[in-house]
Number of protein chains: 2
Amino acid sequence: MDVDTEFTTLTALIGEPTRARMLLQLLDGRALTAGELACHANASPQAASGHLGKLVAAELLAVESQGRHRYYRFARPEVADALEALASLVPTKQQPAPTSGSRYARSCYDHLAGHVAVAITQALCQRELLTLTTAKEFTVTNAGTAWFTDLGIDAKMMQQRSRRAFARPCLDWSERRHHLGGALGAAMLTRLVALDWVRRTANSRLVVFTGEGQRQLYQILGVRL
Amino acid sequence: MDVDTEFTTLTALIGEPTRARMLLQLLDGRALTAGELACHANASPQAASGHLGKLVAAELLAVESQGRHRYYRFARPEVADALEALASLVPTKQQPAPTSGSRYARSCYDHLAGHVAVAITQALCQRELLTLTTAKEFTVTNAGTAWFTDLGIDAKMMQQRSRRAFARPCLDWSERRHHLGGALGAAMLTRLVALDWVRRTANSRLVVFTGEGQRQLYQILGVRL
DNA sequence: GCCACATTTAAACCACAGGTGAACTATGGA
DNA sequence: TCCATAGTTCACCTGTGGTTTAAATGTGGC
């Protein structure tokens, strides 16, 4: 096969919007399941499966089966490098006011993401409610357990019961900083929604903080939106 | 527009085979005309024009009009970087490294280009045989006229007779410096070929300096290849 | 003034690539 | 054992996006 042709097949592979979104999701280096990738990319499971198959066949992704899940990740670091380079081409003009505080955040699969999530996670760490023990795991301190209990989340119980990664740092590529993912991150978003501190929007990963949510967030974490 | 969306539009832009081929052509840093890009990409002029328009609109390419040609080049070096990274993902064995050998130069449409051309133009300016009067025009000094006469080029006559831009500075993308284009630049290449100081290669814009050419160039301009 | 060439624009066409729905495999939990 | 969940495969259909055909714009050379 011609080198030209190989290049074009490669770019066509990366260029398809759904595939591009899935690849973007993997940029933080985590291995994600087919379902998670499908959800992020706004695609049906079948569609995602087809796309992932092509990406694996092209040796852009590698797949690992664990139980009934299949975890996809980049086949080699160069793939991530190339995608980073591509992502850096996106005009960055509209990353306004990380500090000015937006009521808007977004959800990342099932937990809070974006600069609000980063700010929250930073505050949790700063107050030593959360500590980053390894590169891939947050640990909830005793004070943290109490804090989560106050919020209405039984962190301890959750850690014992859940098979899912408990408190995983999730790198937000647009923010270049970690925020809280995993089961705890998901529980937190669920709880915040239940408290009506944030509301989901229809057909979008965007979530918006209510006025009450903003007040409470400032009160319990000192985070001003 | 969402960051995700911007990324996908970007990748979709790069992912289209014809566009990808054109971008690949530009990877060596040269600025190419729409026609040349169309030819290389195996596309009709109209199709190429449409694609190029999109790439320019997305600020991946920049375009510069020169006469009835339009030269396309990367809008910023990061674009080339990203494409390099993508190209490096192609599994096949790499082709031999581009000739950094100084005997090699290349032609730009009809005149000498590349770092040799830049060196020559610099030398001409340094010895005040050529002066850059406006941003778009070189002027041949009296000493310059004599120098060109010695070379076998009647610059004065040419300037009177030719309607074509006489001595235009031509920006070489890969060198980031101007070199001598226009009628005078074309005449110079023609003359150098006639003198057998440089030889054209078949099916390529590459030209190579002969041993004699290298000696002479040093003698009359002090340019060492 | 003319013609030739390079390139762009507009409109009609159509192929291919991705989405969908249904059916199938496999794993885990009761 | 049964059922729910995760994921894949297949066949069909639809719509986007690129190509084509045609005509217009603009520049250079005579």
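In what follows, chains carry the letters A, B, and so on, assigned in the order in which the sequence lines appear, proteins first and then strands, with residues in each chain numbered from 1. Every value quoted in this text rests on a predicted model; they were computed, and no experiment measured them.
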Rounded distance (Å) that lies between atom [atom2] of [N] and atom [atom1] of [X]:
{"X": "A/Arg21", "N": "C/dG19", "atom1": "CZ", "atom2": "C1'", "answer": "12 Å"}
{"X": "B/Leu55", "N": "D/dG17", "atom1": "CG", "atom2": "P", "answer": "15 Å"}
{"X": "B/Met22", "N": "D/dG18", "atom1": "CE", "atom2": "C1'", "answer": "12 Å"}
{"X": "B/Leu37", "N": "C/dA6", "atom1": "CG", "atom2": "P", "answer": "14 Å"}

> Among B/Leu23, B/Leu26, B/Thr18, whose side chain to side chain contact (heavy atoms under 4.5 Å, CB included) with B/Leu37 holds?
Replying inline: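 The residue from B/Leu23, B/Leu26, B/Thr18 that satisfies side chain to side chain contact (heavy atoms under 4.5 Å, CB included) with B/Leu37 turns out to be B/Leu26.
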
> Once you round to the nearest 0.5 Å, how far does CG of A/Leu124 lie from CG of A/Leu132?
Replying inline: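 Between atom CG of A/Leu124 and atom CG of A/Leu132 there are 12.5 Å.
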
> At what distance, to the nearest 0.5 angstrom, does CD of A/Glu16 lie from CZ of A/Arg21?
Replying inline: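 Reported value, rounded in 0.5 Å steps: 7.5 Å.
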
Closer than 4.0 Å, any side-chain N/O of [X] to the OP1 or OP2 of [N]?
{"X": "A/His51", "N": "C/dG19", "value": "yes"}
{"X": "A/Arg70", "N": "D/dA6", "value": "no"}
{"X": "A/Lys54", "N": "C/dG18", "value": "yes"}
{"X": "B/Thr33", "N": "C/dT7", "value": "yes"}

Throw together a table of side-chain donor-acceptor distances under 3.5 angstrom for residues 147-155 of chain B, partners on residues two or more places apart or in other chains.
from, atom 1, to, atom 2, distance (Å)
B/Trp147, NE1, B/Ile220, O, 3.2
B/Thr149, OG1, B/Thr145, O, 2.7
B/Asp154, OD1, B/Lys156, N, 3.4
B/Asp154, OD1, B/Met157, N, 3.1

> How bent is the helix from C/dG1-D/dC30 to C/dA30-D/dT1, comparing axes over its five end pairs at each side, to the nearest 10°?
Replying inline: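 Inter-axis angle at the termini of the helix from C/dG1-D/dC30 to C/dA30-D/dT1: 30°.
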
>> Both A/Arg68 and A/Leu52 contact DNA chain D. Which one's nearest nucleotide lies toward the 5' end?
In response: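 Final value for this comparison: A/Arg68.
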
State whether the side chain of [X] and the backbone N or O of [Y] hold a donor-acceptor pair below 3.5 Å, judged by distance alone.
{"X": "B/Ser65", "Y": "B/Arg70", "result": "no"}
{"X": "A/Arg73", "Y": "A/Ala31", "result": "no"}
{"X": "B/Thr8", "Y": "A/Ala20", "result": "no"}
{"X": "B/Thr210", "Y": "B/Trp197", "result": "yes"}

>> Tell me which residues in residues 11-19 of chain B lie within less than 4.0 Å of DNA chain C, going by non-hydrogen atoms.
In response: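 Within residues 11-19 of chain B, no residue comes under 4.0 Å of DNA chain C.
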
> With the sugar-phosphate defined as primed atoms, P, OP1 and OP2, and the base as all remaining atoms, what B/S/- string results for nucleotides 20-25 of chain C, 5' to 3', for protein heavy atoms under 4.0 Å?
Replying inline: SBB---

> Checking side chain to side chain contact (heavy atoms under 4.5 Å, CB included) for the pair A/Leu86/A/Ile14: CA distance, chi angles, key distance, verdict?
Replying inline: CA-CA 10 Å; A/Leu86 272 179; A/Ile14 296 176; 4.2 Å; yes

> Contact class for A/Tyr72 vs. all strands (heavy atom < 4.0 Å): base, sugar-phosphate, or nothing?
Replying inline: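 Sugar-phosphate: the residue A/Tyr72, judged by heavy atoms under 4.0 Å, touches backbone atoms but no base.
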
> Can you tell which of D/dT8, C/dT7, D/dA6 lies closest to the side chain of A/His69?
Replying inline: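 Minimum distance to the A/His69 side chain belongs to D/dA6.
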
Throw together a table of side-chain donor-acceptor distances under 3.5 angstrom for residues 46-53 of chain A, partners on residues two or more places apart or in other chains.
from, atom 1, to, atom 2, distance (Å)
A/Gln46, OE1, A/Ser44, OG, 3.4
A/His51, ND1, A/Arg19, NH1, 3.0

>> Suppose we screen for side-chain contact (heavy atoms from CB on, under 4.5 Å). Which residues come up paired with B/Ala119, at least two apart in sequence or across chains?
In response: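 side-chain contact (heavy atoms from CB on, under 4.5 Å) list for B/Ala119, sorted by chain: B/Val223.
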
